[in-house]
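Following: one structure in structure tokens, then a few remarks.
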Amino acid sequence: MTDLPRKHLFDLPDGVIYLDGNSLGPLPRGAAERAGEVITRQWGQELIRAWNSAGWMELPRRVGDRIAPLIGAAPGTIATGDTLSIKVYQALASALKMRPDRRVILSDSGNFPSDLYMAQGLISTIGKDHELRLPTPEEVIDAITDEVAVVMLTHVDYRSGRIHDMAAITRAAHAAGAVMIWDLAHSAGAVPVDIAGSGAEFAVGCTYKYLNGGPGAPAFIYARPDIVLDVEPALAGWLGHEAPFEMDPAYRPAMSTERLRVGTPPVVQLAILDAALDAWEGIDMADLRAASIALSERFIAEVEGRCPDLTLASPRDPERRGSQVSFAFDHGYAAMRALIDRGVIGDFRAPNLMRFGFTPLYLDEGDVVAAVDILEDILTSGVYREPAYQTKSRVT
Ligand SMILES: *Cc1c(COP(=O)(O)O)cnc(C)c1O
């Protein structure tokens, strides 16, 4: 059994129960020192020599190889850098080029807005008669027809935590001749994923949520190794070139997953992420998943037993739910603000969802019960009705 939780590996402020690691993971111990070393010793002393002497150029690949086992990918199949939105665009553009005779991008109406915006933006840029189809998540498998060029879905729904059946949907996409892209933003580090076993062509994800890489941490993109040399990068940056320092005016993609790199890597953020991934050493994702389910089941039971105004908005079956739980409540925004003021940090998603993330790396059942004690108190006292809790902040 993996030893969980590992609270000693994180710098969490006193008096805080952090139920938002699904949105921004906390600061891992050692990450600030690592960033300091990169800034003062490598950048400060080595200057431009550090690209070679400190291994900055290899860092994106090295970090990708550390993410790989968490999503069931082989070494060398993941490129890191940019943001998730950019990686979605890259995967989508490459996938459309693989199916030039087809016109439909299929996603679902519950997908994260940025993924949908990227698809809309790509369609308007290429100016062809492409179409984005958005059936409900439940209807998506039946909407996979032979008109579909690419199926692009987020595996775990950011609002409800509902999990798509990766194996079944990927099989259906391939049976219809479509390319499959999975967005693992709420899966990587949250649930076991077997991306290689699924056979999907592409996967993308971010590292500032469950992987704790910090605000602005680089995203990742996986390409199935047997197709990667046929992938034509739409964002053909110089660091995806086979030989960037030949300064060749003609683009020639790298003969590896490195072709999915674009420009200069975010070295300080990659170093922080590298340090953050230390907390994942020796983790068996099946053990982590069992601990996550125990926490979320306990939370649901406590809330339903003590807070009758809240309605479960996530799947009740834990096998169909990721590592987060949402409850609907008409005064959800105000109640979440009051909760945060009392040290229990979750977040709010419009129109009425109070969202709570369960991260077994640094949470135990005692934290869950203590959080519900405070939630119950806020609801029974009605303190959330105070005017100060009613106005929306820029980030909710
Ligand atoms: C968090 C998230 C994003 C955010 O993309 P960024 O470019 O990193 O801001 C995109 N898609 C999904 C599904 C997400 O959960």
Side-chain angles (χ1 to χ4, degrees), residues 19-26 60 63-64 67 70-71 78-93 95 105-122 132 134 137 140 150-164 166 169 180-191 193 195 200 202-222 234-235 260-263 265-266 269-270 272-273 276 314 321-326 346-350 353 355-359 394-396:
L19 305 181
D20 216 358
N22 53 306
S23 207
L24 176 68
V63 170
I67 296 168
L70 298 173
I71 62 163
I78 291 181
T80 57
D82 317 301
T83 72
L84 175 52
S85 303
I86 300 290
K87 285 338 207 185
V88 167
Y89 188 93
Q90 241 184 341
L92 208 46
I105 299 173
L106 183 70
S107 188
D108 71 48
S109 56
N111 203 350
F112 191 86
S114 203
D115 296 38
L116 302 180
Y117 302 160
M118 285 290 144
Q120 290 160 9
L122 177 61
L132 175 63
L134 299 175
V140 83
V150 46
V151 181
M152 174 191 72
L153 295 172
T154 296
H155 180 221
V156 176
D157 183 275
Y158 73 101
R159 274 180 299 222
S160 67
R162 184 259 318 120
I163 303 185
H164 270 309
M166 179 179 283
I169 291 177
M180 186 73 224
I181 302 173
W182 285 107
D183 187 329
L184 304 177
H186 293 276
S187 311
V191 297
V193 175
I195 199 67
F202 296 99
V204 294
C206 53
T207 63
Y208 51 81
K209 291 172 181 162
Y210 291 93
L211 299 182
N212 313 311
F220 65 86
I221 183 166
Y222 159 91
L235 301 173
L260 294 171
R261 284 174 67 169
V262 182
Q269 289 279 186
L270 276 163
I272 293 171
L273 175 58
S314 295
R321 194 172 69 221
S323 208
Q324 70 192 60
V325 172
S326 295
D347 62 21
F348 173 81
R349 286 294 173 266
L353 294 180
R355 191 172 69 155
F356 304 91
F358 296 95
T359 48
R394 188 138 184 231
V395 174
T396 64

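Counting convention: from 1, in listed order, for ligands and their atoms alike. Since this is a predicted model, take the numbers as computed values, not measurements.
Within 4.0 Å of ligand 1, heavy atoms belong to protein residues T83, L84, S85, F112, D115, T154, D183, A185, H186, Y208, K209.
The side-chain contact (heavy atoms from CB on, under 4.5 Å) with Y89 is formed by just one residue from the set L122, L84, T83, D115; it is L122.
In terms of heavy-atom proximity, S326 sits nearest to S160 at OG-CA, 4.3 Å.
P113 places a side-chain heavy atom less than 4.5 Å from the side chain of Y158.
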Table please: side-chain donor-acceptor pairs of residues 203-215 below 3.5 Å, with sequence neighbours left out.
| residue | atom | partner | partner atom | Å |
| --- | --- | --- | --- | --- |
| T207 | OG1 | P218 | O | 2.6 |
| Y210 | OH | S323 | O | 3.4 |
| N212 | ND2 | Y210 | O | 3.3 |

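In terms of the side-chain hydrogen bond (donor to acceptor under 3.5 Å, both in side chains) criterion, Q269 has no residue partners (sequence neighbours excluded). Checked against salt bridge (charged side-chain N to carboxylate O under 4.0 Å, His left out), D347 has the following partners two or more places apart in sequence or in another chain: R349, R355.
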